[in-house]
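Scroll down for the structure; my scribbles are underneath it.
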2 protein chains.
Amino acid sequence: MTGNTRFAASVHMLAYLAYRQGAAVPSAEIASSVDTNPVVIRRLLSALVKAHLVTATKGVTGGFSLASTPENISLRDIYRAVEERPHRGLDHFVPNHKCPVGAKIGTILHGIYVKAQASMEAELARVTLADIHQQLRPVCTGKH
Amino acid sequence: MTGNTRFAASVHMLAYLAYRQGAAVPSAEIASSVDTNPVVIRRLLSALVKAHLVTATKGVTGGFSLASTPENISLRDIYRAVEERPHRGLDHFVPNHKCPVGAKIGTILHGIYVKAQASMEAELARVTLADIHQQLRPVCTGKH
DNA sequence: CTTAATGTAACCACAAATGTTACTATTTGG
DNA sequence: CCAAATAGTAACATTTGTGGTTACATTAAG
């Protein structure tokens with residue numbers, strides 16, 4: 001699993017928590033579903049805990065569970081929690097400011113990125129974890 | 001200039017060609033405006049030529065120019081020309097198919113990506129090179 | 001106390017993008 | 001025909017981001 005899979009993996013993880021219906025799920029179990037390392041899972045979940053989408057409990061019986069009902073968690077919430085700097089593409093775009101075009105294109109592009117992303121996020125906002133949980137049916141409920 | 005700047009750089013390049021009003025502009029001049037290597041410019045322009053957004057002429061007086069009027073070139077055209085596989089994020093996302101969630105989440109996520117991107121592209125389609133050229137004013141016309 | 005869990009730091013490995021060099025083919029103009 | 005300037009492209013180096021891994025401190029249950 002390489003490349004930028006933060007968002008996809010996060011949706012998968014939260015869908016798994018919804019599927020486990022409030023149980024405290026350890027990172028190792030989630031890692032098995034996503035097929036990656038538990039530390040990778042915990043790193044991503046750390047961001048989701050900070051965004052108050054997930055709660056974590058330590059100790060032997062600890063694990064992760066949704067901080068809210070699936071209906072109240074949209075994919076936009078998840079996106080914003082794990083993709084902190086979506087305009088990263090512009091971070092290292094530093095044209096020649098001595099050129100009239102290079103001097104102004106950065107500002108123009110920034111406005112375009114903002115609008116394009118707002119449009120995309122509006123689409124993500126229309127889907128909730130409950131919708132995804134619904135699409136996962138028919139499926140046996142509980143731990144596999 | 002690092003990271004994924006293909007789209008931003010391409011918009012810059014085509015804006016520069018619009019600014020130069022149909023002249024045959026050599027890659028070195030564009031590279032100066034973008035502040036990068038001429039080969040990088042030619043590589044990106046190669047994709048834009050294949051998409052019929054730009055024409056190239058070889059030889060001493062050669063260079064690049066727009067294949068159409070700025071009004072007829074939208075940012076969506078540019079995006080599609082240089083970002084061939086925008087769902088690349090999902091390419092390497094390979095969950096555990098033995099898990100009921102892992103088995104189905106890929107298809108669900110794919111549908112979400114398609115919709116989110118369509119929404120973003122619709123926004124990009126609303127902006128043309130003519131709009132950008134307009135925003136670049138006031139600016140002296142011609143070679144700097 | 002033992003055990004199983006989170007939380008993180010530190011590092012390694014790999015992939016993808018950009019930057020660079022070098023070369024060929026083409027076209028213009030003397 | 002030749003010289004100069006250009007596109008086109010292959011090959012390689014460099015950089016950067018991401019995921020994977022190991023290790024360890026902390027916490028809580030029984």
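By convention in this document, chain letters (A, B, ...) are assigned in the order of the sequence lines, proteins followed by strands, and residues within each chain are numbered from 1. For clarity, every value in this text was computed on a predicted model and none was experimentally measured.
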Side chains of H12(A) and S33(A): donor-acceptor distance under 3.5 Å anywhere?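 Present: a donor and an acceptor within the cut-off.
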
To the nearest Å, how far apart are [X] [atom1] and [N] [atom2]?
X: L44(A); N: dG7(C); atom1: CG; atom2: P; value: 13 Å
X: I41(B); N: dT20(C); atom1: CD1; atom2: P; value: 12 Å
X: F93(A); N: dG19(C); atom1: CZ; atom2: C1'; value: 16 Å
X: E83(A); N: dG17(D); atom1: CD; atom2: P; value: 14 Å
X: L17(A); N: dT6(C); atom1: CG; atom2: P; value: 11 Å
X: L90(B); N: dA16(C); atom1: CG; atom2: P; value: 14 Å
X: N37(B); N: dA17(C); atom1: CG; atom2: C1'; value: 14 Å
X: M13(B); N: dT18(C); atom1: CE; atom2: P; value: 10 Å

Of all pairs that satisfy salt bridge (charged side-chain N to carboxylate O under 4.0 Å, His left out), the ones with a partner from residues 60-82 of chain B, not counting sequence neighbours: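 Matches after skipping sequence neighbours: R80(B)-E121(B).
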
When rounded to the nearest 0.5 angstrom, what distance separates OH in Y113(A) from NE2 in H110(A)?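 Between atom OH of Y113(A) and atom NE2 of H110(A) there are 10.5 Å.
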
Side-chain atoms of residues 38-51 of chain B: list all donor-acceptor pairs with protein atoms under 3.5 Å, sequence neighbours left out, distances to 0.1 Å.
{"residue": "R42(B)", "atom": "NH1", "partner": "S27(B)", "partner atom": "OG", "Å": "3.1"}
{"residue": "S46(B)", "atom": "OG", "partner": "K50(B)", "partner atom": "NZ", "Å": "3.1"}

Shortest non-hydrogen contact from V54(A) to A67(A)?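 Scanning both residues, the minimum pair turns out to be N-CB, 3.6 Å.
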
Nucleotide of dG17(D), dA15(C), dT21(C) approaching H92(B) most closely (side-chain heavy atoms):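 That would be dA15(C).
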
Given side chain to side chain contact (heavy atoms under 4.5 Å, CB included), test L75(B) with I132(B) step by step and report yes or no. CA-CA 10 Å; L75(B) 298 201; I132(B) 295 195; 3.9 Å; yes

Reading 5' to 3' through nucleotides 6-14 of chain D, protein heavy-atom contacts under 4.0 Å coded B for base, S for sugar-phosphate only, - for none: BSBBBB---

